Student: 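Input: one structure, supplied below.
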Amino acid sequence: MARLITEDCIACGLCQPECPNDAIVLDGTIYVVREERCTECVGFYDRPHCAEVCPVDGIQDDPNRRETSEELMAKAVQLHPERFPRD
């Protein structure tokens, strides 16, 4: 599942540089998660790192975008072939 930046976001920007997939972008004055790039940090961290650094708990699971661990890993492999070489 992708992450969702909620209305609690204070637009501090701490999450954006922490995302290994460049999934968090500034859209006008708010940050949003590009679902096609979000892997919930599978292959990089044990938990979604953006949520770990958010000072206001403004990044949550998006209940409308559920993905399995396998789907998230497949996306990570596609986004970072240099990190996850195929045999």
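Please read these numbers as outputs of a predicted model, since none were measured by experiment.
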Student: CD/Glu71 to OG1/Thr39 distance, rounded to the nearest 0.5 angstrom?
Tutor: 12.5 Å

Student: Side-chain heavy atoms under 4.5 angstrom apart, residues restricted to Ile, Leu, Val, Met, Phe, Trp, Tyr: same cluster for Phe84 and Leu79?
Tutor: no

Student: When rounded to the nearest 0.5 angstrom, what is the spacing between CG in Asn21 and CD in Glu36?
Tutor: 10.5 Å

Student: Starting at NZ of Lys75, measure out to CD of Glu40 and round the result to the nearest 0.5 Å.
Tutor: 8.5 Å

Student: When rounded to the nearest 0.5 angstrom, what distance separates SG in Cys38 from CG in Leu72?
Tutor: 7.5 Å

Student: Once side chain to side chain donor-acceptor pair (under 3.5 Å) is applied, do any residues pair with Glu52, and if so which ones, sequence neighbours excluded?
Tutor: Arg47

Student: Could you tell me which residues satisfy salt bridge (charged side-chain N to carboxylate O under 4.0 Å, His left out) with Arg65, sequence neighbours excluded, listed by chain and number?
Tutor: Glu35, Asp62

Student: With heavy-atom distances below 4.5 Å as the criterion, would you say the side chains of Val33 and Leu4 are in contact?
Tutor: no

Student: Could you measure the distance from the CD atom of Glu18 to the SG atom of Cys54? Nearest 0.5 Å is fine.
Tutor: 12.0 Å

Student: Donor-acceptor pair, distance only, cut-off 3.5 Å: does the side chain of His80 make one with the backbone of Gly43?
Tutor: no

Student: Which heavy-atom pair separates Leu26 from Gly28 by the least distance, and what is that distance?
Tutor: CG-O, 3.5 Å

Student: Nearest 0.5 Å, what's the CD1-CD1 distance between Ile5 and Ile30?
Tutor: 8.0 Å

Student: If every non-hydrogen atom of Gly58 is compared with every non-hydrogen atom of Asp8, which pair is closest and at what distance?
Tutor: CA-CB, 4.2 Å

Student: State yes or no: do Val42 and Tyr45 share one hydrophobic cluster built from I, L, V, M, F, W and Y residues joined by side-chain heavy-atom distances below 4.5 Å, directly or via other members?
Tutor: yes

Student: Would you check if Pro48 and Ile59 make a side-chain contact, meaning some heavy-atom pair closer than 4.5 Å?
Tutor: no

Student: Using a cut-off of 6.0 Å, state whether more than 12 heavy atoms not belonging to Glu7 lie near its atom CD.
Tutor: no

